Amino acid sequence: MPAQTPSPPMAPGSAEAVPPVAAVPAEAVAPLIRGVAVLRELSEAGGTLSLSGLERATGLARSTVDRITSTLQRMGYVRLDGRDAVATPRLMELGNAYLAALRLPALLSGRADALADELDESVSLAVADRDGIRFIHQATRRRAMSLSFRIGDLLPAERTAPGPLFASEWTDAEWRAWRARRAADPENRAFTAVPPRELPFPDTEFERRAEAAGRDGFALDDQLIEPGLVAVSVPVRDPRTGRIACVANVVSHTSRHTAAGLRDTLLPRLRATVAEMEHDLATAPAPDPGPPPSDLASWIGASKHELGREFIESLARGLTVLTAFGAGRAALTLTDVARATGLARATARRALITYEHLGLVRQQPESRTFTLTPRVLSLGFPPLSRTTLPRIAAPHLADLSARVRESTALAILVSQGPDAEIQYTARAVSPRIMGVDIRVGTRLPAAATSLGRVLLSDTEDSADSAQARIHDYALLDEDWEDGLRTLAVPLRDRTGRAVAALGVALHAAGRTERECVEELLPELRRTAAHVERELHAAGHFTRVPVL
């Protein structure tokens with residue numbers, strides 16, 4: 001299958017005509033192309049965009065947008081909030097597949113985090129995406145003037161410190177493509193993660209920086225992104241090929257360091273960390289392939305049967321192809337993809353042809369295998385990489401409250417020991433006239449609340465938390481306040497640790513204790529499972545704050 005990637009437009013005034021954008025392959029899946037366009041526009045809009053806004057941004061008919069968002073909603077990648085489409089953390093499963101297959105975040109993020117702690121500066125890892133760079137890991141500093149980009153953000157190579165390092169390995173064709181892009185977009189307006197550059201510098205300046213980076217083994221960004229931002233980068237090389245696998249980048253601002261100061265004071269420590277990273281890459285054992293997606297073909301068929309025309313089967317099938325990749329499954333043959341997804345070979349082949357045309361998949365001709373490209377991160381990852389647990393839980397709390405007609409809440413444990421407390425971080429108020437109203441931010445004694453009991457059961461051994469530890473829920477009947485009955489279950493992260501608790505609070509006259517267990521507990525657990533699935537997707541390669 002020949003590569004069908006878009007080519008850059010002809011550079012004005014150039015002596016050589018650059019080939020036009022490649023035509024859509026005859027076997028490409030049109031609904032999949034449209035679905036990817038919707039996801040990209042939703043990502044560019046920060047994860048939320050009205051359906052009419054998607055119609056304008058993509059140029060698709062409104063009926064098509066409605067069917068695409070209906071399909072994405074069924075897959076759990078989008079939720080519809082009134083007239084808006086909102087990307088959910090489950091959409092990060094697509095980017096997670098690329099990051100897991102890449103392995104670099106899993107192998108190197110610990111070193112980057114430790115360096116950030118040591119230097120008290122933001123540290124990131126970046127990979128090349130054609131003539132741009134994308135971040136695959138961020139270790140940020142919690143201060144008022146914190147400098148970082150989101151995982152998945154795309155930046156122009158010429159305005160970054162990692163860019164010259166990657167460019168030092170470019171071929172003549174890659175340099176021609178970069179010059180054509182620069183001519184067509186001299187202010188970088190196509191790169192929405194950075195402000196436009198009002199006074200573009202000449203091409204020769206970046207060429208000089210790339211030559212110096214290749215010679216010196218490091219590169220600086222002296223306020224190329226915006227005034228005040230400085231960075232120093234060092235390449236991390238693949239021990240098998242000697243080529244750059246990723247770039248480690250230390251970012252600061254001029255009130256703390258000049259660019260030259262970064263070079264003189266922090267570069268030696270950065271280089272030492274990179275040497276450790278390269279050792280980790282050289283000695284890492286081959287990954288054990290994780291379980292591939294299961295029974296997706298059957299699920300897609302059932303969804304089509306239930307939703308009919310509103311479910312675009314070919315879009316759902318195409319998106320499942322991306323999730324076939326992952327840890328230990330970085331390079332897959334067509335047969336591998338078909339087997340992992342349960343799709344017919346012809347269906348999987350057409351999806352791969354489509355993704356190759358869109359730049360999301362690259363074929364390795366010598367091995368007849370396919371790999372994901374960093375461009376997969378453009379499908380919703382940047383805006384979702386900064387989500388929080390309360391933001392994840394909020395719509396689910398609202399749905400639960402509407403179903404059971406009682407107040408619901410999310411809380412975390414903020415202290416331990418005899419005076420342990422919980423803090424409410426999200427809530428949804430009951431539609432009843434008389435309902436429980438505890439404000440976000442309120443702190444209460446952990447042992448006196450069902451929310452606190454399920455959290456304490458994970459951290460201590462006491463009679464108060466015994467029921468929660470045994471049954472994985474807590475039910476309190478007027479222990480804290482007369483007439484108040486509460487029920488709670490834990491929310492667990494990817495390691496199984498209870499990081500928060502989700503609960504229902506009601507007047508004791510509304511339901512008996514038995515009715516709470518028989519009627520409310522299954523609803524509460526179902527909601528917790530939905531929140532946990534999104535939390536696990538969001539927390540695979542990013543840190544999800546609980547506040």
Side-chain angles (χ1 to χ4, degrees), residues 89 388-414 416 420-430 435-436 438 440 442 444-480 484-508 510-539 544 546-547:
T388 65
L389 181 54
R391 194 176 302 166
I392 292 173
H396 298 286
L397 290 176
D399 289 345
L400 175 62
S401 186
R403 288 200 309 271
V404 302
R405 296 185 60 80
E406 305 291 357
S407 295
T408 59
L410 181 77
I412 61 171
L413 197 64
V414 290
Q416 298 185 16
E421 289 185 319
I422 61 165
Q423 180 175 334
Y424 285 76
T425 58
R427 65 168 188 151
V429 179
S430 164
V436 179
I438 302 175
V440 170
T442 298
L444 295 174
T449 65
S450 59
L451 291 161
R453 294 278 180 93
V454 294
L455 292 171
L456 290 174
S457 70
D458 248 35
T459 62
E460 63 181 44
D461 211 359
S462 68
D464 286 343
S465 58
Q467 180 205 46
R469 187 167 53 256
I470 295 170
H471 301 291
D472 214 30
Y473 76 89
L475 173 64
L476 294 189
D477 186 27
E478 303 186 79
D479 287 42
W480 173 46
L484 181 64
R485 185 167 288 150
T486 61
L487 177 68
V489 298
L491 286 177
R492 301 187 181 278
D493 63 14
R494 292 176 58 85
T495 68
R497 182 174 63 95
V499 293
L502 187 126
V504 176
L506 63 150
H507 192 276
R511 285 182 172 91
T512 65
E513 291 184 58
R514 181 175 179 177
E515 288 171 335
C516 285
V517 173
E518 293 180 349
E519 299 173 9
L520 295 183
L521 184 58
E523 292 286 347
L524 200 54
R525 282 179 166 158
R526 183 166 66 138
T527 299
H530 290 320
V531 176
E532 284 179 343
R533 182 159 186 178
E534 294 193 356
L535 173 62
H536 296 173
V544 180
V546 296
L547 280 174

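Both backbone and side-chain heavy atoms feed into the values below; hydrogens, waters and symmetry mates do not. As the structure is a computational prediction, the values presented were derived from the model and not from experiment. For the single chain, residues carry numbers from 1 onward in sequence order.
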According to the salt bridge (Lys or Arg N to Asp or Glu O under 4.0 Å) rule, which pairs have a member within residues 524-536, sequence neighbours left out?
E93-R533, E523-R526
Name the residue from I422, V499, L491 that meets the side-chain contact (heavy atoms from CB on, under 4.5 Å) definition with L455.
I422
Where [X] and [Y] come nearest, the two heavy atoms and their spacing:
{"X": "T449", "Y": "P445", "answer": "CG2-O, 3.6 Å"}
{"X": "Q416", "Y": "A420", "answer": "CA-CB, 3.6 Å"}
{"X": "A446", "Y": "L413", "answer": "CB-CD1, 3.9 Å"}
{"X": "P89", "Y": "A537", "answer": "O-CB, 3.5 Å"}
{"X": "A448", "Y": "L476", "answer": "O-CD1, 3.4 Å"}

Is it true that a side-chain atom of [X] and a backbone atom of [Y] form a donor plus acceptor pair closer than 3.5 Å?
{"X": "H396", "Y": "A529", "value": "no"}
{"X": "S401", "Y": "E406", "value": "yes"}
{"X": "T442", "Y": "Y424", "value": "no"}
{"X": "H536", "Y": "D493", "value": "yes"}
{"X": "R453", "Y": "A447", "value": "yes"}

Please examine the side chains of [Y] and [X], heavy atoms only from C-beta on, and report whether any two atoms are closer than 4.5 Å.
{"X": "V454", "Y": "V489", "result": "no"}
{"X": "L389", "Y": "V531", "result": "yes"}
{"X": "D458", "Y": "P490", "result": "no"}
{"X": "L547", "Y": "Q423", "result": "yes"}
{"X": "V544", "Y": "L535", "result": "yes"}
{"X": "L524", "Y": "L487", "result": "yes"}

So how far is it from [X] [atom1] to [Y] [atom2], rounded to the nearest 0.5 Å?
{"X": "H530", "Y": "L400", "atom1": "NE2", "atom2": "CG", "result": "10.0 Å"}
{"X": "I438", "Y": "T486", "atom1": "CD1", "atom2": "OG1", "result": "8.5 Å"}
{"X": "L506", "Y": "C516", "atom1": "CG", "atom2": "SG", "result": "5.0 Å"}

I'd like to check the side-chain hydrogen bond (donor to acceptor under 3.5 Å, both in side chains) partners of E519; sequence neighbours left out, ordered by chain and number.
R511
Using the test side chain to side chain contact (heavy atoms under 4.5 Å, CB included), find all partners of V440 that sit at least two apart in sequence or belong to another chain.
R427
